[in-house]
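Shown next, in structure tokens, is the structure this report addresses.
All ligand and atom numbering here is 1-based and tracks the order in the structure.
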Amino acid sequence: MSKTVLLVVSLSLMSPASEALDNGLALKPTMGWLHWERFMCNTDCDTDPDNCISERLYMQMADVMVKEGWKEAGYEYVCIDDCWPSLQRDARGRLQADPKRFPGGIKKLADYVHSKGLKLGIYADVGEKTCAGYPGSLGHYETDAQTFADWDVDLLKFDGCNLKWTLLGEGYINMSKALNRTGRSILYSCEWPLYEWPFQKPNYTAIRETCNHWRNFDDVFDSWSSVKSILDWTASHQDTVVPSAGPGGWNDPDMLVIGNFGLSHDQQESQMALWAIMAAPLLMSNDLRDICPRSKQLLQNKRIIEISQDPLGRQGYRTAKGNSFEVWERPLSKKRLAVAVLNKQEIGGPRGFAISDVPGWKYCDPQCNVTLILPQYKEMGVQAKESKLILYVNPSGTALLTVTPISKHRPHWKKTSAKHDQIIL
Ligand code: GLA
């Protein structure tokens, strides 16, 4: 490890987090399951009944979520994505579920999910059509919000396809108001900034006042390059997006693809660790009926979930980069710090990273308590500022740890402003 440490102070200051959407929801990052990445728009129930978008799929996921410890771990929302509706609205202009694939209708499905102590999410689009070509909500915001409320739905993912970008703000705000007017608590998940970025820098104050979480960047795919691109985007826009996150409103880097086909176990650990550091919604898109024990254990890891759900509600960010390592840090409650060290070198074996090179290590003065969470749980005990501890990190893997300073002068994480100190290692 190079000992030349260059300090680069980024120019922009973090501005105070603005007011969150005042619906009392998403005080912590949402946890649940969402069908899209794994099941996409599979509507062929004749030849693929187990994997098609149908009421059976969500009922089975809800069953497993209760039986296999997911609910107990905190995963609460069972969410429908695109391709659930009939291609036609009903005679009264309301959306209706495809009758063949959802014979009981959404209200009955919601009742079923609620009977398991879980919540149901649904999907619609701010424009004329959804991204997959199903009826959009443009011109029907009041009706659709009321329909979802009548069905006892608990979350709406509102996509941004097929609308002129200049109308996005108005559309997302009007749907937010329409949901509010129904009087039902419906968590509002937006994609407003994702569709606005190609044209202009989104207004995150307005977005936070309107939505409970919001997608900023491309859809996640089941690959390490996709996960990396999301991390890169987030780090390179962190001065803009990080300050807008807090209880009630979160940046959404898209679904967890852990338990699928494209990520090695180390890469799955990296996604889980970094999503927790980013205070991201933890919406799994995988097949919970058939998931390998290691992925299950990782997704249900209490210590990582505790970081994700930390009551301070601050999003972490990249604090150092260099020598094919990245360090991400998240301030936690009780003056603790979560640290993720990601080894981006995709060749060779485990590489060592000196813990004293973590920028936040300066708070370990004169001593701190260190708990290693990934790649395996280990109490590292009391460490001194001069600690020579080396973390070994596998290629595309992550070491995740918490640091608790033991001193009279504990760090005070400023609530409203802080400089992003970027350290090039
Ligand atoms: C967009 C969204 C995805 C998914 C699809 C459905 O691409 O970003 O998350 O909802 O639409 O068509």
Side-chain angles (χ1 to χ4, degrees), residues 29-44 51-54 57-58 61 77-87 95 97-98 101-102 106 120-138 144 148 153-165 168 171-172 175 186-199 202 207 210-223 225-227 229-231 233-234 237 241 250-258 260 262 271 275 278 280-287:
T30 307
M31 292 178 68
W33 180 91
L34 174 61
H35 96 235
W36 185 255
E37 193 288 322
R38 177 64 188 252
F39 296 94
M40 301 188 72
C41 195
N42 180 353
T43 55
D44 187 358
N51 300 299
C52 67
I53 305 312
S54 73
L57 183 69
Y58 307 98
M61 284 317 152
Y77 288 83
V78 181
C79 301
I80 305 172
D81 207 285
D82 207 345
C83 306
W84 64 270
S86 164
L87 287 167
L95 288 170
D98 181 281
R101 295 181 285 120
F102 293 83
I106 303 294
L120 183 72
I122 205 159
Y123 167 99
D125 188 285
V126 70
E128 274 178 38
K129 280 181 189 304
T130 71
C131 299
Y134 288 80
S137 294
L138 186 63
D144 291 354
F148 300 145
V153 160
D154 306 290
L155 176 152
L156 172 65
K157 171 173 173 177
F158 209 39
D159 212 335
C161 274
N162 303 307
L163 185 72
K164 204 173 155 208
W165 75 270
L168 283 167
Y172 273 100
M175 188 48 139
I186 301 181
L187 198 152
Y188 189 36
S189 164
C190 301
E191 300 203 28
W192 172 5
L194 160 61
Y195 289 92
E196 189 162 326
W197 268 113
F199 306 100
I207 291 166
T210 305
C211 307
N212 292 119
H213 30 90
W214 47 87
R215 286 271 310 281
N216 293 310
F217 185 62
D218 292 353
D219 292 2
V220 70
F221 278 50
D222 189 11
S223 73
S225 64
S226 166
V227 171
S229 72
I230 293 171
L231 292 173
W233 188 94
T234 308
H237 295 79
V241 302
W250 311 96
N251 290 291
D252 177 6
D254 212 3
M255 294 156 266
L256 293 168
V257 294
I258 295 165
N260 292 321
Q271 192 187 26
W275 262 234
M278 290 189 290
L282 300 181
L283 292 168
M284 307 175 282
S285 195
N286 49 15
D287 191 346

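- A distance limit of 4.0 angstrom between heavy atoms and ligand 1 selects the residues Trp36, Asp81, Asp82, Tyr123, Cys131, Ala132, Lys157, Asp159, Glu191, Tyr195, Arg215, Asp219.
- No side-chain heavy atom of Arg38 sits less than 4.5 Å from a side-chain heavy atom of Met284.
- No side-chain heavy atom of Ser189 sits under 4.5 Å from any side-chain heavy atom of Thr30.
- Side-chain contact between Tyr195 and Trp165 is absent, with no heavy atoms from C-beta onward closer than 4.5 Å.
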Open item on the list: Please determine whether side-chain hydrogen bond (donor to acceptor under 3.5 Å, both in side chains) holds for the pair Asp81 and Tyr123, giving the CA-CA distance in whole Å, both sets of side-chain angles, and the decisive distance to 0.1 Å.
Closed with: CA-CA 5 Å; Asp81 207 285; Tyr123 167 99; 4.8 Å; no

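- The aromatic ring centres of His237 and Trp197 sit less than 6.0 Å apart.
- Under the 4.5 Å side-chain criterion, counting only non-hydrogen atoms from C-beta, Leu194 is not in contact with Trp214.
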